[in-house]
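Since this is a predicted model, take the numbers as computed values, not measurements. Start at 1 with the first residue, then count along the sequence.
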Amino acid sequence: FHDLDTTNAALATLKTLLTQNFKNGEIILEGDWDYTYSDKQILEDVPVYEGGRFSNVYEGAYDMQTIVIENTNENEYNAYLNKIAADGFAPYTDNSIGKNLFATYKSDKYILTAMYFDSRKEVRVTLEESGNYDLPALEVENVYTDKGIEATITQIGLEESNNIQNGMSYVIKLADGSFMIFDGGAGTGAGKAQFFEVMESLADDPDNITVAAWVITHAHGDHLGLLYSLIYDDKFLEKYTVEQIIWSKVSDEQLANMDTQSHDYIDKLFATLEGTKIVIAHPGQVFYVRNATYTVYATIEMVEPIKLENLNDSSVVGRLEIDGRSILFPGDSHPTETEVITSIYNNSIKSDAVQVIHHGYQGGNSTFYALVDPLTVFWPLGMKNYSTAEAPNTPMKDWEYSAWLFSEESKVETIYVAGSEVTTVLIKDLPSHN
């Protein structure tokens, strides 16, 4: 595998070699001459993918490197898995979504995640050193006491009196009384007070609340801000236990493309949560969280190596399955990521319910919603913005990004708009395609 820097270094060496060995009109190289070079040591320590056409390699966060292979096929992908297993990598997990295949392998030094996308005939191999973060727990490790609690989804309204729209916040209550949280919203004083009030009303023991998994779709302040503020709140630190945080970090290089500061402060923030597992999400991963499963469909490594223009394109997109229902959470997936999702997964993203992309703004489209085909819609937006939106001051239903949800083709039965209210629904009561 070579990137541009490696290729340039090799060409410079070849030029020097040719110049030094040009004599009497001939170039004669020594028979045992050999040259290898890479400034990415991790690539030197794993087997080479055989087949297809090498396309690119790019740097991710935590020194992650992702190789892209085009014009390949399932047989070549499986042959590569056999090759890395023979090289000492132990299989950890594997999964399939439609015709797309995913596998994670471990060695003493590295974690390797392989992804095969059938519609694109493309393989992506993510390589990273072990120890930078945790891997998802295996299904056999998902041990809990089922208290027979029926799962609920709570949509926390985040519209304050001044009509500020503060992100999105969803709380899932699980069978043992613990919770799963998606984002949480902005870290305003009112938003934090509302969060405490909601959690205490839902908890069996308000003085001992367990968050089994907290998913951060992306690092914009209106999604991550609440958690950031809570970590410095004594009440939260004393009464809440967060078992794991699931998110996907953007590299400093990509942040620089967007004129955004480094996110190293988030690592320091997470480090204050003693005992909390920090898991970097990868496509195809499955998280077993009590009586729920959460499958990751997309993260930044499916968008790379395109230079990001908006952090929304790094959203963790995943589907929650619980009590016989499926809910797709695409976060603020921007147009680039949304196009990748629809082209790769097609109708594999069909779900009983969906969280509206980017609050109904840019990112959603008719192709995406037609494939999801939701019966219930959760809309993380203030009621004022939903009713009149911004310029051209028309109702959100008339905007192209979410117009399909109101079309004749749509089977949507109920739309829950966040507004300033708190809405709790029994998940088993949501209509189902089954």
Checklist outcome for this item: The reported gap from CD1 in Ile280 to OG1 in Thr126 (rounded to nearest 0.5 angstrom) is 12.0 Å
Item to check | Stepwise side chain to side chain donor-acceptor pair (under 3.5 Å) test for Ser178 and Asp176 | outcome: CA-CA 6 Å; Ser178 65; Asp176 68 340; 2.6 Å; yes
Next on the checklist: Within this structure, what is the CG-CD distance for the pair Leu174 and Glu150, rounded to the nearest 0.5 Å?
Outcome noted: 13.5 Å
Next on the checklist: Between Glu243 and Arg290 (salt bridge meaning N to carboxylate O under 4.0 Å), is one present in this structure?
Outcome noted: yes
Item to check | Shortest non-hydrogen contact between Ile427 and Ile153, atoms and distance | outcome: CG1-N, 3.8 Å
Next on the checklist: Can you tell whether the side chains of Glu301 and Arg124 come within less than 4.0 Å, N to carboxylate O?
Outcome noted: no
Next on the checklist: Ring centroids only, cut at 6.0 angstrom: are Tyr361 and Trp399 within range, meaning strictly under it?
Outcome noted: yes
Next on the checklist: Could you measure the distance from the OG atom of Ser314 to the CD1 atom of Ile300? Nearest 0.5 Å is fine.
Outcome noted: 5.5 Å
Checklist entry - Any donor and acceptor pair, going by atom type alone, linking the side chain of Ser119 with main-chain N or O of Ser343 inside 3.5 Å? => result yes
Checklist entry - Between Ser169 and Asp183, does a side chain to side chain donor-acceptor pair (under 3.5 Å) hold up when you go through it step by step? => result CA-CA 5 Å; Ser169 183; Asp183 285 348; over 6 Å; no
Next on the checklist: Determine whether the aromatic ring centres of residues Tyr416 and Trp379 are separated by less than 6.0 angstrom.
Outcome noted: no
Item to check | Carboxylate-amine/guanidinium contact Lys83 Glu50, below 4.0 Å | outcome: yes
Next on the checklist: Just verifying a value: how many Å separate Asp118 CG and Asn73 CG, rounded to the nearest 0.5 Å?
Outcome noted: 9.5 Å
Checklist entry - Which residues satisfy the ring pair (Phe, Tyr, Trp, His ring centres under 6.0 Å) test with Tyr345, sequence neighbours excluded? => result Tyr297
Item to check | Whether Phe195 and Phe236 hold their rings parallel, tilted or perpendicular, with breakpoints at 30° and 60° | outcome: tilted
Item to check | Those residues that, when tested against Glu139, pass salt bridge (Lys or Arg N to Asp or Glu O under 4.0 Å) (two or more places apart) | outcome: none
Checklist entry - Salt bridge between Asp313 and Lys307, side-chain N to carboxylate O under 4.0 Å? => result no
Checklist entry - Sub-3.5 Å donor-acceptor pair from the side chain of Ser326 to the main-chain atoms of Asp352, do we have one? => result yes
Checklist entry - Which of parallel (below 30°), tilted (30 to 60°) and perpendicular (above 60°) describes His223 and His218? => result tilted
Checklist entry - Do the side chain of Asn385 and the main chain of Leu381 share a donor and acceptor less than 3.5 angstrom apart? => result no
Next on the checklist: Under 6.0 Å between ring centres: does that hold for Phe182 and Trp214?
Outcome noted: no
Item to check | His220 to Leu311 - nearest heavy-atom pair and separation | outcome: NE2-CB, 3.5 Å
Item to check | Non-neighbouring partners of Lys411 that pass side-chain contact (heavy atoms from CB on, under 4.5 Å), sequence neighbours left out | outcome: Asp373, Leu375
Checklist entry - Is the Tyr77 to Phe117 ring centre distance short of 6.0 Å? => result no
Checklist entry - Would you say Gln254's side chain and Leu308's backbone share a donor-acceptor pair under 3.5 angstrom? => result yes
Checklist outcome for this item: Residues Tyr369 and Ser402: closest non-hydrogen pair is CE1-CA, 4.2 Å
Next on the checklist: Test your reading of the model: is there a side-chain donor-acceptor pair from Glu309 to the backbone of Met258, 3.5 Å cut-off?
Outcome noted: no
Checklist entry - For His263 and Ala219, which heavy atoms make the closest approach, and how far apart are they? => result CE1-CB, 3.5 Å
Checklist entry - Do the ring planes of Tyr170 and Phe378 sit parallel (below 30°), tilted (30 to 60°) or perpendicular (above 60°)? => result perpendicular
Checklist entry - Are the side chain of Asp222 and the backbone N or O of Gly185 linked by a donor-acceptor pair below 3.5 Å? => result no
Item to check | Gln355 (side chain) donor-acceptor with Gly331 (main chain) under 3.5 angstrom | outcome: yes
Checklist entry - Taking only residues at least two apart or on different chains, which pairs with a member in residues 90-108 satisfy side-chain hydrogen bond (donor to acceptor under 3.5 Å, both in side chains)? => result none
Next on the checklist: Working to the nearest 0.5 angstrom, can you tell me the gap between Ile111 CD1 and Ser130 OG?
Outcome noted: 4.5 Å
Checklist outcome for this item: Residue set satisfying salt bridge (Lys or Arg N to Asp or Glu O under 4.0 Å) with Arg319, at least two apart, ordered chain then number -> none
Next on the checklist: Parallel, tilted or perpendicular: which one describes the rings of Tyr228 and Tyr265, with boundaries at 30° and 60°?
Outcome noted: perpendicular
Checklist entry - So, Arg53 side chain and Glu70 main chain: donor-acceptor pair closer than 3.5 Å or not? => result no
Item to check | Test side-chain contact (heavy atoms from CB on, under 4.5 Å) applied to Val340 - qualifying residues, sequence neighbours left out | outcome: Arg120, Met302, Ile344
Item to check | Any donor-acceptor pair under 3.5 Å from Gln194 side chain to Gly157 backbone | outcome: yes
Checklist entry - Got a second to check how far Thr272's OG1 is from Ile231's CD1, nearest 0.5 Å? => result 4.0 Å
Item to check | Worked verdict on Val372 versus Lys350 for side-chain contact (heavy atoms from CB on, under 4.5 Å) | outcome: CA-CA 4 Å; Val372 178; Lys350 184 173 182 176; over 6 Å; no
Item to check | Whether Ser315 side chain and Asn312 backbone form a donor-acceptor pair below 3.5 Å | outcome: yes
